[in-house]
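Here is the structure we will look at.
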Amino acid sequence: MENKFQLPNLLKVERNVISDIKSILEEENIKYSKYVFVVDENLINVYKDKIDFIINQLGEDNYIFCVTDNSIKEVSKLNEKVFNFKADLIIGFGGGRVLDICKYVSFMSRVKFISMPTALAHDGIASPIAVLKDKTGITNSCGCEPATAILIDLDIIKSSPLILKQSGVGDLISNIVALKDWKLAEKYNGERINDFAVMLSKSSIASIITREEMSLDDYKFLETLSYALIMSGVAMEIAGTSRPCSGSEHMISHSIDYILGGRAPHGIQVALGTIISLMLYKEDYSNIIDIYKRLEISLPKLTREEFLRVMDYAPETRKGRYTIFDTIDDKKVYENIYEELSHMGIF
């Protein structure tokens, strides 16, 4: 079976990469006449000097679009602006909601997209998936294509909030469970596995958890985390599914969003889901807890009632995706897990 996939034409992970943005695009023959610069409304003042510098380099023939949320309505607004402005380039400067909106509009309009993340909160910086809210506020994962180019300025990443860097680690480590669920689906549900995608996902995990030195203020560690999250995104693009990086642990996070309105950044919630899913698998998770402690990752706390509601609804968040949840016959196991997590001091 033919498997077509698309990868970014350009990747730069360096300190102060924005200082060379014009020459970088010229060297890679990424041409444009008009561009829409997309930024989170909460970041436009935080990074005003850097945004002004980028625009001065790339030219004044642009339109600045401020994203307020990651809704389908916002997608429509940006798509209309790109069309009316006759832009041939979209530049996304911001976090997940900026990049997701840009990815999807780029996919719809066939206009080139340059991704410039301001944080490493999850693997969406390179994934072919846009997380968007529908008219009812429900979050959906929408297939699209990765960016034409990814430019990661490590100075910007280092200055980002600690919790967002911790979130990136949590999202990455969750691949451990996602791969177990995928393997389970192959065995019991006849699902086809892409070994190249598995290899990339495993490599991304190993690049982080095998490091002796871990510091979210260290440039080398942040560079490694950048490449690891990009590998995760590429794994999904090659697989044609989010399977290499999203399983039961993500379903737990989605359930927290739906039932409780969210309790922490996505990657932090997924970090909790990873521990819970490993407990369902009866797998050792002590090394994961150790990494969380080393990086001072605080997992969201749930009451007993909240936890049981979240676990009960989690399988409903991705119907048709076979995971460890499909092997659970007695939901009393959830009560036992809650007691164990409480005894550990997590809840």
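Looking at Lys103, its side chain never comes within 3.5 Å of a backbone N or O of Ile125 through a donor-acceptor pair. Judged by distance alone, with hydrogens and angles left aside, the side-chain atoms of Glu340 form no donor-acceptor pair with the main-chain N or O of Glu335 at under 3.5 Å. No donor-acceptor distance shorter than 3.5 angstrom exists from the side chain of Asp20 to the backbone of Val17, with no hydrogens or angles considered. Between the side chain of Lys331 and the main chain of Asp312, no donor-acceptor pair closer than 3.5 Å is present. In this structure a side-chain-to-backbone donor-acceptor pair under 3.5 Å is present from Asn70 to Val131. Judged by distance alone, with hydrogens and angles left aside, the side-chain atoms of Ser246 form no donor-acceptor pair with the main-chain N or O of Ser242 at under 3.5 Å. In terms of modelled atom types and a separation under 3.5 Å, the side chain of Thr148 and the main chain of Phe113 share a donor-acceptor contact. A donor-acceptor pair under 3.5 Å links the side-chain atoms of Gln166 to the main chain of Glu296, judged by distance alone. Remark: the backbone N or O of Leu222 is paired with a side-chain donor or acceptor of Ser226 at under 3.5 angstrom. Panel note: side chain Asn79, backbone Val75; no donor-acceptor pair is recorded below 3.5 Å.
Screening residues 270-283 for salt bridge (charged side-chain N to carboxylate O under 4.0 Å, His left out), with sequence neighbours left out, gives Lys180-Glu283. Under the ring-ring contact (aromatic ring centres under 6.0 Å, His included) criterion, the residue pairs touching residues 278-336 are Tyr258-Tyr313, Phe307-Tyr338, Phe307-Phe347, with sequence neighbours excluded. Listed by first and then second residue, the ring-ring contact (aromatic ring centres under 6.0 Å, His included) pairs involving residues 13-35 are Tyr32-Tyr35 (not counting sequence neighbours). Residue pairs that meet the salt bridge (charged side-chain N to carboxylate O under 4.0 Å, His left out) test with at least one member in residues 239-253, sequence neighbours left out, are Glu191-Arg243. Among residues at least two apart or in separate chains, there is no ring-ring contact (aromatic ring centres under 6.0 Å, His included) pair with a member in residues 129-171. Sorted by first and then second residue, the ring-ring contact (aromatic ring centres under 6.0 Å, His included) pairs involving residues 177-232 (not counting sequence neighbours) form an empty list. Sorted by first and then second residue, the pairs that involve residues 262-277 and meet side chain to side chain donor-acceptor pair (under 3.5 Å), not counting sequence neighbours, are Asp171-His266, Ser248-Ser277, His250-His266, Ser253-Gln269, Asp257-Gln269, Arg263-Glu306. Sorted by first and then second residue, the pairs that involve residues 107-126 and meet side chain to side chain donor-acceptor pair (under 3.5 Å), not counting sequence neighbours, are Arg110-Glu145.
Nearest heavy-atom pair, Val310 versus Ile252, reported as atom, atom and distance to 0.1 Å: CG1-O, 3.8 Å. The shortest non-hydrogen separation linking Val39 to Ile44 is CG1-CD1, 4.0 Å. When all heavy atoms are compared, the tightest approach of Lys301 to Ile346 is NZ-O, 2.9 Å. For the residue pair Asn62 and Ile55, the shortest heavy atom distance occurs at ND2-CG2, 3.5 Å. Minimum heavy-atom separation, Lys12 to Glu14: CD-OE2, 3.6 Å. Of all heavy-atom pairs between Ile176 and Ile205, the closest is N-CD1, 3.6 Å.
With sequence neighbours excluded, no residue satisfies side chain to side chain donor-acceptor pair (under 3.5 Å) with Lys31. A search for side chain to side chain donor-acceptor pair (under 3.5 Å) contacts involving Ser19 returns Asn16, not counting sequence neighbours. In this structure Glu80 satisfies the salt bridge (charged side-chain N to carboxylate O under 4.0 Å, His left out) test with no other residue, sequence neighbours excluded.
Hydrophobic clustering (side-chain heavy atoms under 4.5 Å, transitive across Ile, Leu, Val, Met, Phe, Trp, Tyr) groups Ile152 together with Leu99. The cluster map of Ile, Leu, Val, Met, Phe, Trp and Tyr, joined by side-chain heavy atoms under 4.5 Å apart, puts Val270 and Leu179 in different clusters. Hydrophobic clustering (side-chain heavy atoms under 4.5 Å, transitive across Ile, Leu, Val, Met, Phe, Trp, Tyr) groups Leu172 together with Ile238. In the hydrophobic clustering of ILVMFWY residues, with side-chain heavy atoms under 4.5 Å counting as a link, Tyr63 and Ile51 come out apart. There is no path of hydrophobic side-chain contacts, each under 4.5 Å, that joins Val46 to Ile163.
Using a 3.5 Å distance cut-off with no hydrogens or angles, the side chains of Ser71 and Asp69 do pair a donor with an acceptor. Residues Asp61 and Ser33 have side chains that never bring a donor and an acceptor to within less than 3.5 angstrom of each other. Side-chain contact of Thr241 with Arg321: a donor-acceptor pair under 3.5 Å is present, judged by distance alone.
Inter-residue side-chain proximity for Glu28 and Asn9 is flagged as unmet; no heavy-atom pair is nearer than 4.5 Å.
Of the listed residues (Ile156, Ile18, Asp153, Val98), just one forms a side-chain contact (heavy atoms from CB on, under 4.5 Å) with Met116, and that residue is Ile18. Only one option out of Ser106, Ser127, Pro128 pairs with Pro146 in a side-chain contact (heavy atoms from CB on, under 4.5 Å); it is Pro128.
Counting heavy atoms of neighbouring residues, nucleotides and ligands inside a 6.0 Å radius, atom NZ of Lys158 exceeds 12 of them.
In the hydrophobic clustering, where aliphatic and aromatic side chains (Ile, Leu, Val, Met, Phe, Trp, Tyr) are joined below 4.5 Å either directly or transitively, Ile129 groups with Met236.
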Please assess Leu278 against Ile288 for the test side-chain contact (heavy atoms from CB on, under 4.5 Å), listing each intermediate value before the final yes or no. CA-CA 10 Å; Leu278 287 173; Ile288 307 302; 4.1 Å; yes
Determine, step by step, whether Ile114 and Leu25 satisfy the side-chain contact (heavy atoms from CB on, under 4.5 Å) criterion, reporting the C-alpha distance in whole Å, the side-chain angles of both residues, the deciding distance to 0.1 Å, and the verdict. CA-CA 10 Å; Ile114 308 296; Leu25 297 187; 4.1 Å; yes
